[in-house]
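Notes to accompany the following structure.
All of these numbers come straight from a predicted model, not from anything done at the bench. Counting convention: from 1, in listed order, for ligands and their atoms alike.
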Amino acid sequence: GNKNIQAKLVLLGDMGTGKTSLVLRFVTGKFLEYQESTIGAAFFTQVLSLNEATIKFDIWDTAGQERYHSLAPMYYRGAAAAVVVYDITSMESFVRAKKWVQELQRQANPTLIMFLAGNKADLEEKRKVGFEEGEQYAKENGLVFLETSAKTAQNVNELFYEIGKKLAKA
Ligand code: GTP
């Protein structure tokens with residue numbers, strides 16, 4: 001039969017990588033060139049209907065600025081899934097993403113399903129992090145990897161569908 005699942009999802013990653021933009025693309029279908037930096041965290045809900053289940057996402061979009069780092073455990077604690085986001089045009093954001101993965105591996109719920117999103121894939125000419133680099137790191141750490149663009153919507157619905165499918169199987 002069709003399952004009803006309510007799942008807490010958290011987005012983590014360096015400031016400006018596009019966490020809010022990915023969530024807004026998924027929830028509203030829109031993109032803003034001048035998306036304001038998140039203060040603390042923002043909360044969104046979205047329902048996703050799959051063949052196997054209906055998933056109600058409770059989404060915590062955390063603030064990437066370093067001064068908010070200490071708040072993060074409140075948002076990833078009890079989360080069923082996490083998306084760690086970096087910006088393919090910033091090696092620094094990729095380094096930061098790996099730190100988030102390590103923190104989640106140490107501190108989060110061991111059943112947490114983790115995704116790695118290399119966002120801003122539309123900015124190919126400014127790319128600093130190779131697709132293979134992201135893919136390799138994800139493979140080594142058991143993460144699902146996608147390159148996304150909140151701007152063009154590339155792989156954004158796919159990301160949330162993959163999360164939903166994994167949650168339906170869990
Ligand atoms: P914090 O709230 O500071 O942690 O940032 P964030 O990770 O939520 O990033 P946000 O969504 O605010 O996006 C930062 C900037 O990048 C905004 O100006 C967005 O318009 C832009 N941006 C986000 N996603 C993309 C994308 O896929 N492609 C391009 N070209 N720009 C993007």
Could you tell me whether [X] and ligand 1 have an N or O pair separated by under 3.5 Å?
X	value
Gln65	no
Phe31	no
Gly13	no
Tyr34	no
Thr148	no
Thr62	no
Thr17	yes

Tell me: protein heavy atom nearest [atom], and distance?
atom	value
atom 24 (N) of ligand 1	Asn119 ND2, 3.2 Å
atom 13 (O) of ligand 1	Ser21 OG, 3.6 Å
atom 20 (O) of ligand 1	Leu32 O, 2.7 Å
atom 30 (N) of ligand 1	Asp122 OD2, 2.8 Å
atom 2 (O) of ligand 1	Thr38 N, 2.7 Å
atom 15 (C) of ligand 1	Lys120 NZ, 4.1 Å

Q. Under a heavy-atom criterion of less than 4.0 Å, does Gly16 contact ligand 1?
A.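 True for this residue.
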Q) Hey, does Gln154 sit under 4.0 Å from ligand 1 if you only count heavy atoms? A)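 Flag not set, Gln154 not near ligand 1.
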Q) For Glu33, which residues count as a salt bridge (Lys or Arg N to Asp or Glu O under 4.0 Å) partner, sequence neighbours excluded? A)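 Glu33 satisfies salt bridge (Lys or Arg N to Asp or Glu O under 4.0 Å) with Lys151 only.
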Q: Indicate, as side chain, backbone, both or neither, the part of Ala121 found under 4.0 angstrom from ligand 1 when only non-hydrogen atoms are considered.
A: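 Neither part.
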How about [X] and [Y]: does a side-chain donor come under 3.5 Å of a side-chain acceptor?
X	Y	value
Ser37	Gln65	yes
Tyr86	Glu92	no
Asn119	Thr17	no
Asp58	Gln6	yes
Asp122	Ser149	yes

Which of the atoms in ligand 1, numbered in the order shown and given with their element, are less than 4.0 Å from a heavy-atom of [X]?
X	answer
Ser149	27 (O)
Lys19	1 (P), 4 (O), 5 (O), 6 (P), 7 (O), 8 (O), 9 (O), 11 (O)
Leu123	30 (N)
Ala150	24 (N), 26 (C), 27 (O)
Gln35	10 (P), 11 (O), 12 (O), 17 (C), 18 (O)
Ser37	1 (P), 2 (O), 3 (O)
Glu33	17 (C), 18 (O), 19 (C), 20 (O)
Gly64	1 (P), 4 (O)

Q: Quick one: closest heavy-atom pair of Ser93 and Asp14, and the distance?
A: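 Taking every non-hydrogen atom into account, CA-OD2, 3.8 Å.
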Q. Under 4.5 Å between any side-chain heavy atoms of Leu12 and Leu104, yes or no?
A.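 Yes. Closest side-chain heavy atoms under 4.5 Å.
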Q) Would you say Thr38 and Asp61 make side-chain contact, with heavy atoms under 4.5 Å? A)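 Yes, at least one pair of side-chain atoms sits under 4.5 Å.
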**Q.** Qualifying residue, where the test is side chain to side chain contact (heavy atoms under 4.5 Å, CB included) with Ile5 and the options are Leu50, Ile55, Thr54, Leu48
**A.**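 The residue from Leu50, Ile55, Thr54, Leu48 that satisfies side chain to side chain contact (heavy atoms under 4.5 Å, CB included) with Ile5 turns out to be Ile55.
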Q) Does Lys99 NZ have over 12 foreign heavy atoms under 6.0 Å away? A)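 Count not over threshold, so no.
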What side-chain donor-acceptor pairs closer than 3.5 Å can you find for residues 130-144, not counting sequence neighbours?
residue, atom, partner, partner atom, Å
Glu133, OE1, Gly130, N, 3.2
Gln136, NE2, Glu140, OE2, 2.9
Asn141, OD1, Gln105, NE2, 3.1
Asn141, ND2, Tyr137, O, 3.0

Q: Walk me through it: do Arg127 and Glu124 pass the test salt bridge (charged side-chain N to carboxylate O under 4.0 Å, His left out)?
A: CA-CA 5 Å; Arg127 178 189 287 274; Glu124 188 56 47; 2.9 Å; yes
Q: For the pair Trp60 and Phe43, name the ring-plane relationship: parallel under 30°, tilted 30 to 60°, perpendicular over 60°.
A: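 Tilted, since the angle between the ring planes falls between 30° and 60°.
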